[in-house]
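Numbers restart at 1 for each chain; the letters A, B, ... are given by sequence-line order, proteins then strands.
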2 protein chains.
Amino acid sequence: MKNGGKAAETRKKLLDAGLKLISKRGYLGATTKDIAKKAGVAELTLFRHFSSKEILFREIINSYTFLPALKGLMPEIKNLEYRDAMLLIADRFLGRLYERRDLIRIMQSQMHLYPSKVKDIYQNFIGEIYQTLASYFRELQDGGPLRDFDPEYGARAFLGMFFSFFTVQEIMFRKDAMPLEEGKVKTEFVDIFIRGTVR
Amino acid sequence: MKNGGKAAETRKKLLDAGLKLISKRGYLGATTKDIAKKAGVAELTLFRHFSSKEILFREIINSYTFLPALKGLMPEIKNLEYRDAMLLIADRFLGRLYERRDLIRIMQSQMHLYPSKVKDIYQNFIGEIYQTLASYFRELQDGGPLRDFDPEYGARAFLGMFFSFFTVQEIMFRKDAMPLEEGKVKTEFVDIFIRGTVR
DNA sequence: AAGCAATGTTAGTGCTTACTAACTTTAGCA
DNA sequence: TGCTAAAGTTAGTAAGCACTAACATTGCTT
């Protein structure tokens, strides 16, 4: 392994440690000393890789920005029935949220520090999902099985149910209050979204 | 006005200023100096009312805890049609969220600092709403117009749509991205919840 | 008018933080 | 073996933080 490879490895360790600590304690609560310790390097090494704490934070946000999560799913979905498609989308969406829970925690708690940056990320992630889902609805409305509701609002309603569930379960209380079972959440929410609640 | 009245007034000003600043900058980001300044008093006065910053924070959380928001609505609701009832609930719920947006911001970002305290508050507020709504569903299922879904999950789905909408709109971006119109949100979300999305 | 509770003013303490300087140690590669 | 990039070690700085001491001032109540 080259020397450059070692530096890149250290850099990665610092980004990982920073992500976890900041998501846990907030930007101000996570000290450079602790981040370095968690990464297993000297504090000075942190500053050799990132000239300030703020730059480290920016790099964390950048490097962990997630790629589109749903777009690649669309071809696959068009061959499914409506209900199965929605179940799949719910599954992937929740999965993505779980994968990125640290980043989401940061977004929710550090929004005030870097509003524009975090906004960009949010729009990359959630915004793209909204659009994809809304256009899927549009197709199914045009001569398809769906009634005439506003697709944008529908996408927000659907994803909002799951996002809120995720927030309560994972961000606010770590599993120890108001537990709902994940599998049942998917089917119940999807059924409500499809059939509504009246007989 | 008595002297005690003046002290109580100062105390209130400090609680108000603390709520706003902490909700904006976080617990660590809001300094006692700034809180006192915002309240229009000397920093020392803050410490004469609250012996430490942490105690000030606790008092803020305590004093702004909201009372049950939906329970009092139930008698009123039983005379309404299902759709009108759900619209009213949506309206009150969203209204309550707007009223308490500062506290909710704190809950979302400072959860990790005081998990048990904030958890209590959350359960007072949201938990009670869930229960109330779930039992309303139960009644309407028993020989009423509602089909047989799990009422707990239904309550979470319904309130989750609105909570998520509120979060995105008010907490994450202050109105400047992905705007949905509030009135339309209520009717679209309620209609989806009632009728679903298929024809 | 006098007393007293509440607040202001000024100056400070000790601690922690982000960040730096100067020098040493390690480990891969020519 | 010796060069070099990368990291370690130690010791520090300046600034900001929560919080305190000592004393002066305000204004309501009687």
Over how many whole Å does the gap from [X] atom [atom1] to [N] atom [atom2] extend?
{"X": "Phe47(A)", "N": "dA21(C)", "atom1": "CZ", "atom2": "C1'", "result": "14 Å"}
{"X": "Glu43(B)", "N": "dA21(D)", "atom1": "CD", "atom2": "P", "result": "14 Å"}
{"X": "Lys12(A)", "N": "dA7(D)", "atom1": "NZ", "atom2": "C1'", "result": "19 Å"}
{"X": "Lys33(B)", "N": "dG8(C)", "atom1": "NZ", "atom2": "P", "result": "15 Å"}
{"X": "Leu28(A)", "N": "dT16(C)", "atom1": "CG", "atom2": "P", "result": "17 Å"}
{"X": "Leu46(A)", "N": "dA18(C)", "atom1": "CG", "atom2": "P", "result": "9 Å"}
{"X": "Lys13(B)", "N": "dG8(C)", "atom1": "NZ", "atom2": "C1'", "result": "13 Å"}
{"X": "Phe50(A)", "N": "dA6(D)", "atom1": "CZ", "atom2": "P", "result": "14 Å"}

Between [X] and [N], does any side-chain N or O lie under 4.0 Å from OP1 or OP2?
{"X": "Ser52(B)", "N": "dA18(D)", "answer": "no"}
{"X": "Ser51(A)", "N": "dC19(C)", "answer": "no"}
{"X": "His49(B)", "N": "dT7(C)", "answer": "yes"}
{"X": "Lys6(A)", "N": "dA6(D)", "answer": "no"}
{"X": "Thr45(B)", "N": "dT7(C)", "answer": "no"}

Task: Reference residue Tyr98(B); test side-chain contact (heavy atoms from CB on, under 4.5 Å); the match among Arg101(B), Arg100(B), Arg96(B) - done: Arg101(B)

TODO: Tell me what Ala39(A) touches on the nucleic acid: a base, only sugar-phosphate, or nothing, going by heavy atoms under 4.0 Å.
DONE: nothing

- [ ] Name the nucleic acid region contacted by Gly40(A), choosing base, sugar-phosphate or nothing; use a 4.0 angstrom heavy-atom cut-off, strictly under.
- [x]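 Here Gly40(A) touches the backbone only, sparing every base.
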
Measure from the side chain of [X], starting at C-beta and using heavy atoms only, and say which of [options] lies closest.
{"X": "Arg48(B)", "options": "dC19(D), dG8(C), dT17(C)", "value": "dG8(C)"}
{"X": "Thr10(A)", "options": "dT7(C), dA7(D), dA18(D)", "value": "dA7(D)"}
{"X": "Ala7(B)", "options": "dA18(C), dT7(C), dT20(D)", "value": "dT7(C)"}
{"X": "Thr31(A)", "options": "dA18(C), dT9(D), dC17(D)", "value": "dA18(C)"}
{"X": "Lys53(A)", "options": "dA18(D), dA18(C), dG8(D)", "value": "dA18(C)"}
{"X": "Val41(A)", "options": "dC19(C), dG8(D), dG8(C)", "value": "dG8(D)"}

Open item on the list: Looking at Lys13(B), I'd like to know if its NZ atom is crowded, meaning that more than 12 non-hydrogen atoms belonging to other residues, nucleotides or ligands lie closer than 6.0 Å.
Closed with: yes

TODO: Please indicate whether Lys33(B) has more than 12 foreign heavy atoms, meaning atoms of other residues, nucleotides or ligands, lying under 6.0 Å from its NZ.
DONE: no

TODO: Identify, between Leu44(A) and Ala30(A), the residue whose nearest nucleotide on DNA chain C lies closer to the 5' end.
DONE: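 Final value for this comparison: Ala30(A).
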
Task: Close side-chain approach of Asp34(B) to Arg25(B), heavy-atom, < 4.5 Å - done: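 Touching, per the 4.5 Å side-chain cut-off.
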
Open item on the list: Quick check: do Lys184(B) and Glu152(A) have side-chain heavy atoms less than 4.5 Å from each other?
Closed with: no

- [ ] Please check if the side chain of Arg11(A) supplies one atom and the backbone of Phe50(A) the other of a donor-acceptor pair under 3.5 Å.
- [x]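 No; judged by distance alone, with no hydrogens or angles, the pair does not exist.
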
